[in-house]
Each structure stands twice: as C-alpha cells, then as structure tokens.
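Below is one structure, written out as structure tokens; the observations come after it.
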Amino acid sequence: MTSEAPSFTVRPARTSDVRQIQALVEPLVQQRILLGKDLVVLFESIQEFRVAVDESGAIIGCGALHVLWEDLGEVRTLAVASAWLSRGVGHAILESLEAQARELGLSRLFCLTFEVEFFGRHGFEPMGEQPIDPHIYTELLRSTDEGVAEFLDLSRVKPNTLGNTRMLKTL
C-alpha cells in the first residue's frame, strides 16, 4: 500500500487570503527571518502574491513579485508552512513567480534572504558590487520602496538587513 503525498496548487492570491498570509508569515517575522508587513500593506500588494494551497484550500505557502525597474523584480515574502518544508512548495511558488516575471518582461530577479542555499539551488547568486547605469541609479534613488534601497545596498537599510544576503538571478 503506497501512501500518496498530499497535493497542493499554486494560484494568484485573493484579498480573502490576506489574513492567512499574515498568519503564515508572522512566525518568520518573530524569528527575524522576514520583515513584517502591516495588514494594509498586504492588502495593497495582494496582486503581487502567489499562494500555495493544499487540498482543503488552506494556504501553505506564499511569495510575491515586486517590480523594481523595467528589467528588474524582487522576490518578496517567500514563506512555507513548517509542515510543508522540503516538499516542493517553495520551489513551486518561486517557479510561478519567475514565470510571472518573464510575462512582465523582467530579465533579472533580486532577493534579500537568509535562505542562500535554497535560492542558490534555483540559480540565484550572491551579489557583489553591481555596476548600475548612473541615470538609472539616480532614478532608483527617487523610490521610497525599501526593496530598491536593499538592491542598491543603501546604508539606511543596513541595520534591518544584517545577516541577509543580496542575491540576483538572470532569467
């Protein structure tokens, strides 16, 4: 008798998912693995999220794709329920976000993470000092988005990102 592993699907998130996303992410925020997001911010950015749901419809994972520039996006808030770790959920969410990035015309993905091994297995590499066109750099500096500041490695975000690794993938 073989026991079939429970299945899951990945789909775009809905506003009705926001509270489950927050509940999924909160333990990781408490462990200082992810940056916390207020409920209103999750609602405002729900169209960026993909969720993995199990057979009962419960959210077991999430991740978001945020556009930073015409060719650059950031993978944000990638989280998987502890009971579902190492079962392909994170991989499936990341694949979905990468497909979305390609559809949007992005050619590079950035992430700021403690999970260097996971992202490394998926083609991300630690960033060194990336040369950025001075005109684009000036434009990016106008952004109030923290992800842009993290990508640019601005000193004002360093206290909140200690121990994280900036990683980049070319699609």
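Note that the numbering runs from 1 along the sequence shown for the chain. All figures in this text were calculated on a predicted structure; none of them were measured in a lab.
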Can you spot which of H91, E95, K169 makes a side chain to side chain donor-acceptor pair (under 3.5 Å) with H122? H91
Spatial distance of atom CZ (R76) from atom SG (C62) [nearest 0.5 Å]: 13.5 Å
Measure across L24 and A79 and return the closest heavy-atom pair with its distance rounded to 0.1 Å. CD2-O, 3.9 Å
Quick check for you: to the nearest 0.5 Å, what is the distance between L68 atom CG and R108 atom CZ? 9.5 Å
In chain order, what residues pass the side chain to side chain contact (heavy atoms under 4.5 Å, CB included) check against Q30, with sequence neighbours excluded? E26
Are side-chain heavy atoms of T165 and F119 found at a separation under 4.5 Å? no
E117 atom CD: more than 12 heavy-atom contacts under 6.0 Å: no
For S56, which residues count as a side-chain hydrogen bond (donor to acceptor under 3.5 Å, both in side chains) partner, sequence neighbours excluded? D54
What is the distance from atom CG of L72 to atom OG1 of T170, rounded to the nearest 0.5 Å? 10.0 Å
List the steps and the verdict of side-chain contact (heavy atoms from CB on, under 4.5 Å) for L78 and F118. CA-CA 11 Å; L78 185 58; F118 171 82; 3.6 Å; yes
Closest contact, heavy atoms only, F151 versus M127: CE1-CE, 3.6 Å
Under the side chain to side chain contact (heavy atoms under 4.5 Å, CB included) test, residues paired with E139 that sit two or more places apart: W69, H135, R142
Are R19 and L39 side-chain neighbours, meaning at least one heavy-atom pair lies under 4.5 Å? yes
Evaluate whether atom CZ of R11 has more than 12 neighbouring non-hydrogen atoms of other residues, nucleotides or ligands under 6.0 angstrom away. yes
N/O donor-acceptor pair under 3.5 Å between T138 side chain and P134 backbone: yes
Approximate separation, where rounding is to 0.5 Å, of L140 CG and D145 CG: 10.0 Å
Contact summary for G61 and V89, nearest pair of heavy atoms: CA-CG1, 4.2 Å
Could I get the full list of side chain to side chain contact (heavy atoms under 4.5 Å, CB included) partners for S86, not counting sequence neighbours? none
Side-chain polar contacts of residues 43-53 - donor-acceptor pairs under 3.5 angstrom, sequence neighbours left out - could you list them?
| from | atom 1 | to | atom 2 | distance (Å) |
| --- | --- | --- | --- | --- |
| S45 | OG | V41 | O | 2.8 |
| Q47 | NE2 | E44 | O | 3.4 |
| E48 | OE1 | H66 | ND1 | 3.3 |
| E48 | OE2 | H66 | ND1 | 2.7 |

So CD1 of I59 and CG of D17: to nearest 0.5 Å the spacing works out to 3.5 Å
Rounded to the nearest 0.5 Å, what's the gap from CD on E146 to CG on L154? Could you check? 9.0 Å
Mind running side-chain contact (heavy atoms from CB on, under 4.5 Å) on Q31 and F114 for me, showing each step along the way? CA-CA 12 Å; Q31 297 171 44; F114 287 109; over 6 Å; no
Residues which pass side chain to side chain contact (heavy atoms under 4.5 Å, CB included) with A101, listed by chain and number, not counting sequence neighbours: L65, L106, L109, L171
Are the side chains of T113 and F124 in contact, using a 4.5 Å heavy-atom criterion? no
List the steps and the verdict of side-chain contact (heavy atoms from CB on, under 4.5 Å) for T77 and K37. CA-CA 9 Å; T77 320; K37 289 185 174 30; 3.3 Å; yes
Quick one: closest heavy-atom pair of E55 and S7, and the distance? OE2-OG, 3.0 Å
